Chemist: 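Structure incoming, see below.
Just so it is clear, the values below take in all heavy atoms, side chains as well, and ignore hydrogens, waters and symmetry mates. Start at 1 and go down the list; that is how both ligands and their atoms are numbered. Since the structure is predicted, the reported quantities are computational estimates derived from the model, not experimental observations.
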Amino acid sequence: MSQVFDVLVIGAGPGGYIAAIRAAQLGFKVACAESNPYADPKGEPRLGGTCLNVGCIPSKALLASSEEFEKIGHHVANHGIQVGSVSIDIKKMLARKDEIVNKMTGGISFLFRKNKVTSIKGHASFVGKTADGYQIQITGKDAGTITAKNVIIATGSKARHLPNIPVDNVLVCDNEGALKFDSLPKRLGVIGAGVIGLELGSVWRRVGSQVTVLEALPSFLGACDEGIAKEAKKIFTKQGLDIYMGVKIDGVKADKKGVVVSYQDSTGKPQKLECDRLIVSVGRVPNTEGLNLEAIQIKTDERGFIPINDHTCATSAPGVYAIGDVVRGPMLAHKAEDEGVLVAELLAGQKPHIDYNCIPWVIYTDPEIAWVGKTEQQLKAEGRPYKAGQFPFMANGRALGMDRADGFVKILADAKTDEVLGVHIIGPNASDLIAEAALAMEFKAAAEDIARVCHPHPSLSEVMREAALATDQRALNM
Ligand code: FAD
Ligand code: NAI
C-alpha cells in the first residue's frame, strides 16, 4: 500500500476510530491503521482497541451476566420468587461476551466502510517527513509506506505489570486473561483495588469465587469522594470481597498447584495468599511501542505519555496530534472519543473545546459508583467554600420497588453562587444518572437549576433533584 492521505489515525480504539469517522465526515481523506493481536474471523486485527476487545465492552458483558446470576440466586426471593438451585455455565457466559465483542468490532468495520475511512491492517511507525507530509511505514497485512499530511496518534495503553511478577494470562493475569477464565477459580487473588480490580473481582465473586483484594495504598478508592469511597468499601466488604489495604507485595509464585502471593500486611507482618488465579490490576501505561517517535523528534515524558498542548492535543511535531490513553488525563473511552472529535474538528478549522472537569467517571460495581467534577476533599484543599446536599436511595420509592436502595447522591455546590461543582453517586444506575450531572455542569448550572427541573416520578432521577434541594436544606422527602 502506498497512498497519500489528509489524515492518518494510528490505532482504532475509541479515540482513533471516532477521530477517523469525524475527520471523514468533515471531508478529509482518512486512513486508520490498527495492529492488535485480537484477530477477527479473517485472522486480521480487530478494530475497537482495548475498549471493545479487552476492556469496557467485554467487562460490562461479564458484569451483566454475573449480576443476573447473583440477582436470581440471592435477590429475587425478596420479590416472592422462588427458584431452585441456580448454576452458571462459565463457557456460555464467555461465549456471550465474545459474541458481543465480535458484533461491536464488526460494527466499526461497517462504520469505516460507510464513512469511506480506509482501514489499514498493520503496525504503523514514523519514518520521517517530506514536503508531501509524514512518511509512515506499515508492517503487517497492508505493508507499505503511507504519506499523511496530518497524523493522529491514538495508540492507547497496556496493562502495567509489576517487576518480578510475570503475567502468563493463565494463572497470573492482567485484564486480558481475567476476561477469559475458562473455569471458575475457587479462590481468586487480585492485586490492586482500583477500577479493574473491583469490577472484575465483582464478576468472579458473584459467580462463586472467594475473592481477596490486596491494595498498596492505605485509603480505598482515593480518586473518589471520601464519603462515597467509605460507603463503597462497607458495601463491597458486606458482599464478600476481602479487601486488605496498605499491603506491600513481596513476590508471586505460580505453578500447577496454584498461585501464592507473599506480602506484608499494613502492620508489616509477612502474610501469604494462596489462590487458584491472580489478577494484577495496578494501572495502565501509555503505548508508544514501535512508533519510532524519534523520527519526528517527539519525546515522551517521564511516565511515557506523549506531551501535547492541553487545549488542542497538538504534539511538538506540526500536524501530529495525540489523543486518548497515550496522553495525559483520565484513561477513559469517552475522554478518548471526545479528544478524537476535537482534533478532527480543529483540522477542519472549527473551534471545539473539552471541559475536562466535566468528564464523568463510572465504576460498574453493584451498586455503581459515578462522579463528575470536584470531590469534597479537593474543594477543601482548594479552600473553596461549598455546600453539600445528600439524599439516600433508601428514601426513593422507585429504588425500594427495585430492591436497589443502597447508596446516595451527593451534590456539591459553590457556597455563594450555587454553581454545581461536583456530583457523586453510589447507587443503582449511577452510570446513567451521572449524565444529568455532566450536562448540568457543562451548562454551569446551579443546584437550584437541577432542583427546579421537573423529574419523572417514580424514578431514580428524583434522588438527584432531592440532593440538589438538600444543598439548601430543603429536601422534600426526608
Ligand atoms: P485503545 O483503546 O487502547 O486503542 C489503541 C489501539 O491502538 C489498540 O487497538 C492498539 O492495538 C493500536 N495500536 C497501538 N500502536 C499501534 C501502532 N503502532 N500501529 C497500529 N495500531 C497501533 N473506559 C471507560 O470509559 N469505561 C469503561 O467501562 C472502561 N472499562 C475498561 C475495562 C478494562 C478491563 C480496561 C482494561 C479498560 C477499560 N476502560 C474503560 C478504559 C478504556 O478501554 C480506554 O480508556 C480506551 O480504550 C482508550 O482508548 P484509546 O483509543 O486511547 O486506546
Ligand atoms: P487503577 O489505577 O484504577 O487502580 C490500580 C490500583 O492498584 C490502585 O488502587 C493502586 O494504588 C494499586 N496498586 C498499584 N501498585 C500496586 C502494588 N504494587 N500493590 C498493590 N496495589 C497496587 O488501575 P486499573 O484498575 O488497573 O485500571 C486501569 C485504568 O483503566 C483505570 O484507571 C481506568 O482509567 C481504566 N478503566 C476504567 C474503567 C471504567 O471506566 N469503568 C474500568 C476499568 C478500567
Chemist: Could you work out, for atom 35 (C) of ligand 1, the closest of Ala154, Cys51, Gly55 by heavy-atom distance?
Modeler: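 Looking at heavy atoms only, the winner is Gly55.
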Chemist: Regarding ligand 1, does Glu34 bring an N or O atom to under 3.5 Å of one of the ligand's N or O atoms?
Modeler: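 By distance alone, the answer is yes.
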Chemist: Just checking, any donor-acceptor pair under 3.5 angstrom between side chains of Thr375 and Asp225?
Modeler: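 On atom types as modelled, these side chains do not qualify, holding no pair under 3.5 Å.
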Chemist: Taking 4.0 angstrom as the limit, do Arg187 and Asp276 come out as a salt bridge?
Modeler: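 Salt bridge: yes.
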Chemist: Only heavy atoms of Ala336, strictly under 4.0 Å: list the atoms of ligand 1 that pass.
Modeler: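 Counting from 1, the qualifying ligand atoms are 49 (O), 52 (O).
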Chemist: So do the side chains of Ile228 and Ile369 get within less than 4.5 Å of each other, counting heavy atoms only?
Modeler: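 Touching, per the 4.5 Å side-chain cut-off.
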Chemist: Could you name each residue pair satisfying ring pair (Phe, Tyr, Trp, His ring centres under 6.0 Å) that touches residues 175-220, not counting sequence neighbours?
Modeler: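 For residues 175-220, and leaving out neighbouring residues, the ring pair (Phe, Tyr, Trp, His ring centres under 6.0 Å) pairs sorted by first residue read Phe181-Trp204.
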Chemist: Looking only at heavy atoms, is any part of Ser157 under 4.0 Å from ligand 1, and if so is it the side chain, the backbone, or both, or is it neither?
Modeler: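 The part of Ser157 near ligand 1 is the backbone, not the side chain.
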Chemist: What I want to know is whether Thr50 and ligand 1 share at least one N or O pair that is separated by under 3.5 angstrom.
Modeler: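 Yes - when backbone and side-chain N and O of Thr50 are compared with those of ligand 1, one distance drops under 3.5 Å.
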Chemist: Between Asp182 and Lys91, is there a side-chain N and carboxylate O pair less than 4.0 Å apart?
Modeler: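 Lys91 and Asp182: not salt-bridged.
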Chemist: Judging by distance only, is a nitrogen or oxygen of His334 under 3.5 angstrom from one on ligand 1?
Modeler: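 Yes, there is a polar N/O contact under 3.5 Å.
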Chemist: Taking only heavy atoms of Gly324, which atoms of ligand 1 are found under 4.0 Å from at least one of them?
Modeler: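 Every atom of ligand 1 under 4.0 Å from some heavy atom of Gly324: 52 (O).
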Chemist: So if I count the atoms of ligand 1 from 1 in the order they appear, which ones are less than 4.0 Å from some heavy atom of Ala33?
Modeler: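 Heavy-atom distances to Ala33 below 4.0 Å select 20 (C), 21 (N).
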Chemist: Under 4.0 Å, heavy-atom basis, I'd like to know which part of Cys56 is in contact with ligand 1: side chain, backbone, both or neither.
Modeler: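 It is both parts that get close, each with some atom under 4.0 Å.
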Chemist: Hey, which atoms in ligand 1 end up nearer than 4.0 Å to a heavy atom of Ser59?
Modeler: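 Near Ser59, meaning under 4.0 Å from one of its heavy atoms, ligand 1 has 32 (C).
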Chemist: Report the C-alpha separation of Arg404 and Asn429 in whole Å, then their side-chain angles, then the decisive distance to 0.1 Å, and conclude whether the side-chain hydrogen bond (donor to acceptor under 3.5 Å, both in side chains) test is met.
Modeler: CA-CA 10 Å; Arg404 304 294 301 278; Asn429 299 12; 5.2 Å; no
Chemist: Hey, is ligand 1 close enough to Met331 that some N/O pair sits below 3.5 Å?
Modeler: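 N/O-N/O distance below 3.5 Å exists for this pair.
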Chemist: Below 4.0 angstrom, N of the basic side chain to O of the carboxylate: do Glu345 and Arg22 qualify?
Modeler: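 Arg22 and Glu345: salt-bridged.
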Chemist: Within the protein, flag every N or O under 3.5 Å from an N or O of ligand 2, and note the pair and distance.
Modeler:
unit_1	atom_1	unit_2	atom_2	d
ligand 2	3 (O)	Val195	N	3.1
ligand 2	9 (O)	Glu215	OE1	2.7
ligand 2	9 (O)	Glu215	OE2	3.2
ligand 2	11 (O)	Glu215	OE2	2.6
ligand 2	15 (N)	Arg160	NH2	3.1
ligand 2	21 (N)	Ala216	N	3.2
ligand 2	23 (O)	Gly283	N	3.3
ligand 2	25 (O)	Val195	N	3.3
ligand 2	25 (O)	Ile196	N	2.8
ligand 2	26 (O)	Gly283	N	2.8
ligand 2	34 (O)	Met331	O	2.6
ligand 2	40 (O)	Val362	O	3.4
ligand 2	41 (N)	Glu199	OE2	2.8
ligand 2	41 (N)	Val362	O	2.7

Chemist: Of the backbone atoms (N, CA, C, O) and the side-chain heavy atoms from C-beta on, which set of Ile10 has a member under 4.0 Å from an atom of ligand 1: side chain, backbone, both, or neither?
Modeler: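 The part of Ile10 near ligand 1 is the side chain, not the backbone.
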Chemist: Assess whether side-chain hydrogen bond (donor to acceptor under 3.5 Å, both in side chains) is satisfied between Arg96 and Ser65, documenting all intermediate values.
Modeler: CA-CA 9 Å; Arg96 173 184 174 274; Ser65 297; 3.2 Å; yes
Chemist: Is Arg206 salt-bridged to Glu199, going by a charged N under 4.0 Å from an acidic O?
Modeler: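 No salt bridge links Arg206 with Glu199.
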Chemist: Of all residues at least two apart in sequence or in a different chain, which pass the ring-ring contact (aromatic ring centres under 6.0 Å, His included) check with Phe408?
Modeler: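 Counting only residues at least two positions away or on another chain, Phe408 forms no ring-ring contact (aromatic ring centres under 6.0 Å, His included).
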Chemist: With sequence neighbours excluded, give me every side chain to side chain donor-acceptor pair (under 3.5 Å) pair touching residues 292-308.
Modeler: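 Every pair satisfying side chain to side chain donor-acceptor pair (under 3.5 Å) with a residue in residues 292-308: there are none.
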Chemist: So, is Ser35 polar-close to ligand 1, with some N/O to N/O distance under 3.5 Å?
Modeler: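 Between Ser35 and ligand 1, an N or O pair is found under 3.5 Å apart.
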Chemist: For ligand 1, which atoms sit closer than 4.0 Å to a heavy atom of Pro14?
Modeler: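 Heavy-atom distances to Pro14 below 4.0 Å select 2 (O), 46 (C), 47 (O), 49 (O), 51 (O).
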Chemist: So between Ile136, Asn53, Ile359, Asn175, whose heavy atom ends up nearest atom 36 (C) of ligand 1?
Modeler: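 Shortest heavy-atom distance from atom 36 (C) of ligand 1: Asn175.
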Chemist: Of all the non-hydrogen atoms in the protein, which one sits nearest to atom 51 (O) of ligand 1, and at what distance?
Modeler: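 Result: Gly15 N, 2.9 Å.
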Chemist: Considering only the protein, which heavy-atom contact is closest to atom 53 (O) of ligand 1, and what is its distance?
Modeler: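 Closest protein heavy atom to atom 53 (O) of ligand 1: Gly156 CA, 3.1 Å.
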Chemist: Under the side-chain hydrogen bond (donor to acceptor under 3.5 Å, both in side chains) rule, what do Glu176 and Tyr38 come out as? Steps first, then yes or no, please.
Modeler: CA-CA 10 Å; Glu176 300 204 16; Tyr38 322 118; 2.8 Å; yes
Chemist: Which one of Thr155, Val326, Ile153 has a non-hydrogen atom at the shortest distance from atom 13 (N) of ligand 1?
Modeler: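 The residue whose heavy atom sits nearest atom 13 (N) of ligand 1 is Thr155.
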Chemist: May I ask you to say whether Lys149 pairs ionically with Asp6, meaning some side-chain N is under 4.0 Å from a carboxylate O?
Modeler: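 So Lys149 pairs with Asp6 through a salt bridge.
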Chemist: So is there a nitrogen or oxygen of Ala124 less than 3.5 Å from a nitrogen or oxygen in ligand 1?
Modeler: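 Yes - when backbone and side-chain N and O of Ala124 are compared with those of ligand 1, one distance drops under 3.5 Å.
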Chemist: Can you list the ligand 1 atoms lying under 4.0 Å from a non-hydrogen atom of Tyr364?
Modeler: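 Near Tyr364, the atoms of ligand 1 are 28 (O).
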Chemist: So, Asp250 versus Gln264: side-chain donor-acceptor pair below 3.5 Å or not?
Modeler: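 Yes, side-chain donor-acceptor contact under 3.5 Å.
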Chemist: Could you establish whether Pro37 and ligand 1 come within less than 4.0 Å of each other, counting only heavy atoms on the residue side?
Modeler: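 Checking ligand 1 against Pro37, which is what was asked, there is no heavy-atom contact under 4.0 Å.
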Chemist: Which ligand 1 atoms, with their elements, are less than 4.0 angstrom from a heavy-atom of Leu291?
Modeler: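 By the 4.0 Å cutoff, the relevant atoms are 18 (N).
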Chemist: Say whether, by atom type as modelled, one donor and one acceptor occur between the side chain of Glu34 and the main chain of Gly11 under 3.5 angstrom.
Modeler: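 Side chain of Glu34 to backbone of Gly11, a donor-acceptor pair under 3.5 Å: no, none is there.
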Chemist: So, is Ala333 polar-close to ligand 1, with some N/O to N/O distance under 3.5 Å?
Modeler: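 Among all N and O atoms of Ala333, at least one is under 3.5 Å from an N or O of ligand 1.
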Chemist: Based purely on interatomic distance, does Val54 place a nitrogen or oxygen under 3.5 Å from a nitrogen or oxygen of ligand 1?
Modeler: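 Not met; the criterion fails.
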Chemist: Once you restrict to heavy atoms under 4.0 Å, what part of Arg284 touches ligand 1? Side chain, backbone, both or neither.
Modeler: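 Only the side chain of Arg284 comes within reach of ligand 1.
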Chemist: Can you find a side-chain donor-acceptor pair between Thr145 and Gln135 that sits under 3.5 Å?
Modeler: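 Short answer, no.
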Chemist: Could you verify whether a donor N or O on one side chain and an acceptor N or O on the other, from Asn169 and Asp174, lie under 3.5 Å apart?
Modeler: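 Asn169 vs Asp174: donor-acceptor pair found between side chains.
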Chemist: With side chains defined as the heavy atoms from C-beta onward, is the minimum distance between Lys380 and Gln377 less than 4.5 Å?
Modeler: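 Contact flag for Lys380/Gln377 side chains = no.
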Chemist: Would Ile323 count as a polar contact of ligand 1, with the cut-off being nitrogen or oxygen pairs under 3.5 Å?
Modeler: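 N/O-N/O distance below 3.5 Å does not exist for this pair.
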Chemist: Among Lys60, Glu176, Glu337, whose heavy atom sits nearest atom 28 (O) of ligand 1?
Modeler: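 Residue with the shortest heavy-atom distance to the ligand atom: Lys60.
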Chemist: Under 3.5 Å, is there a donor-acceptor pair linking the side chains of Tyr356 and Glu339?
Modeler: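 Yes, a side-chain donor-acceptor pair sits under 3.5 Å.
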Chemist: Is a side-chain donor or acceptor of Lys97 paired with a backbone partner of Leu179 at a separation under 3.5 angstrom?
Modeler: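 Flag set: sc Lys97 to bb Leu179 pair under 3.5 Å.
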Chemist: Any N or O of Asp325 that comes nearer than 3.5 Å to an N or O of ligand 1?
Modeler: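 Yes; at least one N/O pair falls below 3.5 Å.
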Chemist: Quick check on Gly290 - does any of its heavy atoms sit under 4.0 Å from an atom of ligand 1?
Modeler: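 Contact check Gly290 vs ligand 1: negative.
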Chemist: Considering the heavy atoms of Gly13, write down every atom of ligand 1 situated less than 4.0 Å from one of them.
Modeler: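 Listed by number with element: 2 (O), 4 (O), 51 (O).
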